[in-house]
Amino acid sequence: MDSKPKLTPEAADIFRRLDELGLKQRDLAAALSLEENKISKAKVGERQFKAAEVLRSREWFASVEAKRVPPPKSDHLPLRKAEDGSIPLRHLDMSLSMGDGSSLDNYFEEGVFEFDANLLRLITRAPPERLIVGQGVGDSMFPTLHDQDMVIFDTTQTHLNATDKIWAISLFGAGGIKRLRPVSRSRVLIMSDNPSISDQEVDADDLRILGRVIWSARRH
């Protein structure tokens, strides 16, 4: 009988992504503030990753990917350098999808939005070309977001590595802004802040994460 310890799915996923990104076990150990021998033991199934370590590793992988992924090529309006203290950001109408909604190119582009450069630097370090300005439509996220509130979402963040954050998503081809919570490896809970609207549990394969909402503003 084979008594060799088996890797958990979470551990297998961590080491798979480590290989995909060309990273070393010592890099993972440093990111998790662990001794390198603990990573070696986890690799052969002699140690299990704690839940907090799994979450931290996912956040670390996402940050590494964000630094490596070049801005997507686009036929849309080119982004200029900051002028007069503002930075132009792409402005999309998330309510109008012209495809299956899984790609940002499926949404109607309203042009660019000039955003204060100093404020943007306080909000995020993500490159401006990876930030999208959109609008909330409807009252499903009330009172957090009102109808037609403006949001900025960060397209470098597309992995569900933080529970109950607000994300720009596409579900069955329709764009939306919702809170997300992983239920299992294959199921995700889509939550509305409005208590009158029921939460919805869906298969992860039916959900596309377009980016994480990092800022919002109310229109008066």
Side-chain angles (χ1 to χ4, degrees), residues 1-72 100-104 124-127 130-132 153-173 175-192 198-214:
M1 181 178 294
D2 185 5
S3 61
K4 183 179 178 180
K6 293 184 178 180
L7 290 182
T8 64
E10 291 78 12
D13 183 63
I14 287 174
F15 288 109
R16 176 184 60 78
R17 298 197 65 193
L18 200 67
D19 290 338
E20 289 177 350
L21 293 171
L23 299 168
K24 305 297 184 182
Q25 291 185 29
R26 62 175 175 269
D27 300 324
L28 178 61
L32 301 182
S33 300
L34 294 175
E35 298 175 359
E36 190 172 345
N37 69 328
K38 291 185 177 181
I39 303 299
S40 299
K41 289 182 179 180
K43 181 68 177 291
V44 296
E46 295 178 358
R47 179 186 183 275
Q48 303 300 325
F49 286 107
K50 298 177 181 178
E53 294 169 351
V54 173
L55 179 58
R56 201 182 314 156
S57 70
R58 291 173 179 171
E59 293 173 343
W60 177 59
F61 287 136
S63 67
V64 170
E65 287 180 321
K67 294 175 183 177
R68 294 184 178 182
V69 176
D100 65 3
S102 61
S103 167
L104 290 173
T124 180
R125 294 182 178 180
R130 301 301 301 275
L131 302 175
I132 302 293
F153 60 93
D154 179 359
T155 65
T156 69
Q157 303 186 52
T158 57
H159 294 286
L160 186 52
N161 51 20
T163 299
D164 295 0
K165 297 295 185 181
I166 300 178
W167 304 80
I169 66 170
S170 171
L171 179 64
F172 305 123
I177 298 174
K178 296 285 187 177
R179 290 192 191 277
L180 301 179
R181 177 185 299 170
V183 176
S184 66
R185 290 179 60 83
S186 61
R187 303 287 291 176
V188 176
L189 185 65
I190 299 178
M191 301 179 293
S192 299
S198 300
D199 297 339
Q200 182 181 10
E201 185 176 324
V202 301
D203 193 289
D205 290 338
D206 294 326
L207 178 69
R208 296 290 181 273
I209 297 178
L210 304 176
R212 187 169 77 83
V213 175
I214 59 172

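By convention here, the first residue in the shown sequence is residue 1.
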*Asks:* According to side chain to side chain contact (heavy atoms under 4.5 Å, CB included), who are the partners of Asp205, at least two apart in sequence or on a separate chain?
*Replies:*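 Asp205 satisfies side chain to side chain contact (heavy atoms under 4.5 Å, CB included) with Asp203 only.
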
*Asks:* Quick check: closest heavy atoms across Gln25 and Ser40, and the distance to 0.1 Å?
*Replies:*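 Looking at all heavy atoms of both residues, the shortest contact is OE1-OG, 3.3 Å.
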
*Asks:* Check Ile190 against Leu180 and note the closest heavy-atom contact, atom names and distance.
*Replies:*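 Closest approach of Ile190 to Leu180: CG1-CD2, 3.8 Å.
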
*Asks:* With no hydrogens and no angle check, is any side-chain donor or acceptor of Arg179 less than 3.5 Å from a backbone partner on Ile166?
*Replies:*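 Between the backbone of Ile166 and the side chain of Arg179 there is no qualifying donor-acceptor contact (under 3.5 Å).
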
*Asks:* Taking side chain to side chain contact (heavy atoms under 4.5 Å, CB included) as the definition, give me every residue that meets it alongside Gln48, ordered by chain and number, with sequence neighbours left out.
*Replies:*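 Gln48: side chain to side chain contact (heavy atoms under 4.5 Å, CB included) contacts with Thr8.
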
*Asks:* Check Gly45 against Leu7 and note the closest heavy-atom contact, atom names and distance.
*Replies:*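 Shortest heavy-atom contact: N-CD2, 3.7 Å.
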
*Asks:* Quick one: side chain to side chain contact (heavy atoms under 4.5 Å, CB included) partners of Arg181, sequence neighbours excluded?
*Replies:*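 If we apply the side chain to side chain contact (heavy atoms under 4.5 Å, CB included) test to Arg181, skipping adjacent residues, the hits are Thr163, Asp164, Leu189, Met191.
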
*Asks:* Between the side chain of Glu53 and the main-chain N/O of Lys50, is any donor-acceptor distance below 3.5 Å?
*Replies:*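 Yes.
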
*Asks:* Say whether, by atom type as modelled, one donor and one acceptor occur between the side chain of Asp27 and the main chain of Lys24 under 3.5 angstrom.
*Replies:*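 It does hold such a pair.
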
*Asks:* Looking at Ile14 and Phe61, what are the two nearest heavy atoms and their distance?
*Replies:*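 Distance-wise, the nearest heavy atoms are O-CZ, 3.4 Å.
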
*Asks:* Who pairs with Ser186 by side chain to side chain contact (heavy atoms under 4.5 Å, CB included), at least two apart in sequence or on another chain?
*Replies:*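 Ser186 satisfies side chain to side chain contact (heavy atoms under 4.5 Å, CB included) with Ser184 once adjacent residues are dropped.
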
*Asks:* Mind running side-chain hydrogen bond (donor to acceptor under 3.5 Å, both in side chains) on Glu65 and His159 for me, showing each step along the way?
*Replies:* CA-CA 10 Å; Glu65 287 180 321; His159 294 286; 2.9 Å; yes

*Asks:* Return the set of residues passing salt bridge (charged side-chain N to carboxylate O under 4.0 Å, His left out) with Glu35 (not counting sequence neighbours), or none when no residue passes.
*Replies:*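 With sequence neighbours excluded, Glu35 shows a salt bridge (charged side-chain N to carboxylate O under 4.0 Å, His left out) to no residue whatsoever.
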
*Asks:* Could you name each residue pair satisfying ring-ring contact (aromatic ring centres under 6.0 Å, His included) that touches residues 21-58, not counting sequence neighbours?
*Replies:*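 Of all non-adjacent pairs touching residues 21-58, those that pass ring-ring contact (aromatic ring centres under 6.0 Å, His included) are Phe15-Phe49.
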
*Asks:* To check you understand the geometry: which heavy-atom pair defines the closest contact between Ala126 and Thr156, and what is its length?
*Replies:*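 Looking at all heavy atoms of both residues, the closest pair is CB-OG1, 4.5 Å.
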
